Amino acid sequence: MGLPDLAAITEEAELQLMLDNATDFDERKAIRARIREIKEDNRHKMDARLKKTETAREEMLAFRHKQADDAKQRYLHMYEDAAKHDSKIPTPRPAVGVTIPGGTKAPPSARTAMNAFKQADAANNPQNQGKTLGAGKAPALSRSPTAIKDMLLNWAAKMTEGYPNVSVTNFSGSWANGLAFCALVHRFFPDAFDFNSLDPNNRRANLTLAFKKAEELADIAPLLEVDDMLMMKDKPDWKCVFCYVQGLYRGLHQLTPPAQ
């Protein structure tokens with residue numbers, strides 16, 4: 001009894017069953033050859049799917065980078081326009097746990113705020129990450145409490161102080177493994193999960209947990225994608241992280257964190 005048309009069979013399991021039952025050398029040889037063809041075809045299809053997925057992720061990451069960069073440029077244009085008229089910008093309300101040195105002060109000039117933003121931009125650029133800041137301290141770039149990034153960094157550092165494997169000193173590498181995000185959420189919702197059980201090497205699990213819990217418990221939109229953070233490895237784009245931390249601040253800073 002001859003073999004059926006092997007080219008018409010596309011299921012490897014079916015061919016494997018035929019191979020197990022075949023006794024003729026030539027038949028077994030033909031079946032093995034067809035199995036190799038199917039394996040090779042499946043590999044090509046998988047490679048194509050992976051390439052398509054990777055391309056889509058890279059395009060999305062580039063889009064998110066552009067959005068963050070556009071937001072930065074809007075800040076700079078706003079400050080530059082205000083500086084031309086020597087106008088003032090309003091003093092934002094201090095974050096939870098952040099003390100304004102010397103009490104309430106008059107709002108600084110727009111030029112001062114613009115310079116602070118530019119300095120913070122340079123300090124948090126991944127290319128400058130070797131110039132790290134002291135753990136738990138705000139950047140020594142601008143002493144003005146109205147510098148938005150300085151205030152957010154102070155707030156995040158204060159809220160995550162004392163958490164193991166967490167040291168918030170910038171908006172890039174400090175957030176790479178996801179533990180800083182988890183610590184922020186856990187600070188306000190300590191019963192949501194066991195922070196001490198988290199593994200700093202399991203970046204995907206940490207990032208997924210933080211983004212999910214922030215959305216569930218505080219209605220904070222997941223502006224960052226887990227896969228995007230993983231692609232950026234240990235130096236995520238500071239603008240992307242900064243935008244998401246802004247969302248965390250808006251959703252959490254009015255809450256009163258439980259006493260530790």
Side-chain angles (χ1 to χ4, degrees), residues 1-68 126 129 163-166 172-186 189 191-217 220-237 239-241 243-244:
M1 183 176 179
L3 288 173
D5 183 8
L6 296 180
I9 301 176
T10 58
E11 294 296 330
E12 186 178 341
E14 182 179 351
L15 288 166
Q16 190 62 53
L17 182 61
M18 292 175 60
L19 181 62
D20 292 341
N21 295 325
T23 57
D24 183 78
F25 176 79
D26 290 333
E27 289 182 354
R28 292 176 64 82
K29 182 179 179 180
I31 294 171
R32 287 196 185 95
R34 177 56 183 155
I35 290 176
R36 285 195 295 272
E37 290 176 358
I38 292 177
K39 285 182 180 291
E40 187 67 20
D41 184 55
N42 288 338
R43 275 196 295 270
H44 286 317
K45 290 179 180 178
M46 178 60 72
D47 289 343
R49 284 196 296 269
L50 290 175
K51 185 176 181 180
K52 183 178 180 181
T53 301
E54 188 72 14
T55 299
R57 287 177 181 174
E58 289 177 355
E59 290 176 350
M60 177 57 70
L61 185 57
F63 175 71
R64 291 181 185 278
H65 284 182
K66 185 178 184 303
Q67 281 187 317
Q129 287 304 309
Y163 279 90
N165 299 306
V166 176
S172 183
S174 293
W175 307 82
N177 65 9
L179 287 184
F181 293 117
C182 289
L184 263 182
V185 176
H186 189 267
F189 302 99
D191 296 329
F193 55 90
D194 181 9
F195 182 89
N196 291 325
S197 68
L198 303 181
D199 180 1
N201 295 315
N202 195 342
R203 298 176 60 208
R204 179 178 291 278
N206 298 337
L207 292 164
T208 300
L209 176 65
F211 298 165
K212 179 182 178 182
K213 291 300 181 181
E215 186 174 22
E216 289 178 354
L217 300 173
I220 298 170
L223 300 179
L224 278 176
E225 293 287 344
V226 173
D227 287 335
D228 290 349
M229 286 290 291
L230 294 177
M231 285 178 61
M232 291 185 281
K233 300 182 180 179
D234 61 342
K235 293 292 178 65
D237 188 298
K239 295 184 290 294
C240 297
V241 175
C243 287
Y244 183 57

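Because the structure is predicted, anything quoted here is derived from the model rather than measured.
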Colleague: With rounding to the nearest 0.5 angstrom, report the CD to CE distance, Glu225 to Met232.
Modeller: 10.5 Å

Colleague: Please give me the minimum heavy-atom distance between Tyr244 and Ala210, naming the atom from each residue.
Modeller: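 Where Tyr244 meets Ala210 most closely, the heavy atoms are OH-O, 4.4 Å.
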
Colleague: Are Lys29 and Asp24 within salt-bridge range, i.e. N to O under 4.0 Å?
Modeller: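 Salt bridge flag = no for Asp24 with Lys29.
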
Colleague: Evaluate side chain to side chain contact (heavy atoms under 4.5 Å, CB included) for Leu207 paired with Leu230, printing each intermediate quantity in order.
Modeller: CA-CA 9 Å; Leu207 292 164; Leu230 294 177; 4.2 Å; yes

Colleague: Quick one: closest heavy-atom pair of Ala22 and Arg28, and the distance?
Modeller: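 In this case the closest contact between Ala22 and Arg28 is O-NH1, 3.1 Å.
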
Colleague: Minimum heavy-atom separation for Asn177 and Asn206, please, with both atom names.
Modeller: O-ND2, 3.1 Å

Colleague: Does a salt bridge link Arg43 with Asp47, judged by any charged N lying under 4.0 Å from a carboxylate O?
Modeller: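 So Arg43 does not pair with Asp47 through a salt bridge.
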
Colleague: Within this structure, what is the CD-CG distance for the pair Glu14 and Leu6, rounded to the nearest 0.5 Å?
Modeller: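 Output value for this atom pair is 9.5 Å.
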
Colleague: List the atom of Leu15, the atom of Ile31, and the distance in Å for their closest heavy-atom pair.
Modeller: O-CG2, 3.4 Å

Colleague: When rounded to the nearest 0.5 angstrom, what is the spacing between CG in Leu224 and CG in Asp237?
Modeller: 9.5 Å

Colleague: Backbone N or O of Ile9 within a donor-acceptor pair of the Arg34 side chain at under 3.5 Å?
Modeller: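 Pair found, side chain donor or acceptor close to backbone of Ile9.
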
Colleague: Return yes when atom CD of Glu40 has more than 12 non-hydrogen atoms of other residues, nucleotides or ligands closer than 6.0 Å, and no otherwise.
Modeller: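 Atom CD in Glu40 is packed in, count exceeds 12.
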
Colleague: Mark yes or no for whether Ser172, through its side chain, and Pro236, through its backbone, hold a donor-acceptor pair below 3.5 Å.
Modeller: yes

Colleague: Which word best sums up how the rings of Phe195 and His186 line up, parallel for under 30°, tilted for 30 to 60°, or perpendicular for over 60°?
Modeller: tilted

Colleague: Give the intermediate values and the outcome of side chain to side chain contact (heavy atoms under 4.5 Å, CB included) for residues Phe189 and Lys213.
Modeller: CA-CA 9 Å; Phe189 302 99; Lys213 291 300 181 181; over 6 Å; no

Colleague: Looking only at heavy atoms, which two atoms of Asp234 and Ala176 are closest? And how far apart?
Modeller: CA-CB, 3.8 Å

Colleague: Arg203 side chain to Met229 main-chain N or O, any donor-acceptor pair under 3.5 Å?
Modeller: yes

Colleague: Which distance, rounded to the nearest 0.5 Å, do you find between the CG of Leu223 and the CZ of Phe211?
Modeller: 9.5 Å

Colleague: List the steps and the verdict of side chain to side chain contact (heavy atoms under 4.5 Å, CB included) for Tyr163 and Leu179.
Modeller: CA-CA 9 Å; Tyr163 279 90; Leu179 287 184; over 6 Å; no

Colleague: Check side-chain contact (heavy atoms from CB on, under 4.5 Å) between Asn196 and all other residues, then give those that pass, not counting sequence neighbours.
Modeller: Pro164, Asp194

Colleague: Write down the atom of Phe193, the atom of Leu198, and the distance for their closest heavy-atom approach.
Modeller: CE1-CD1, 4.1 Å

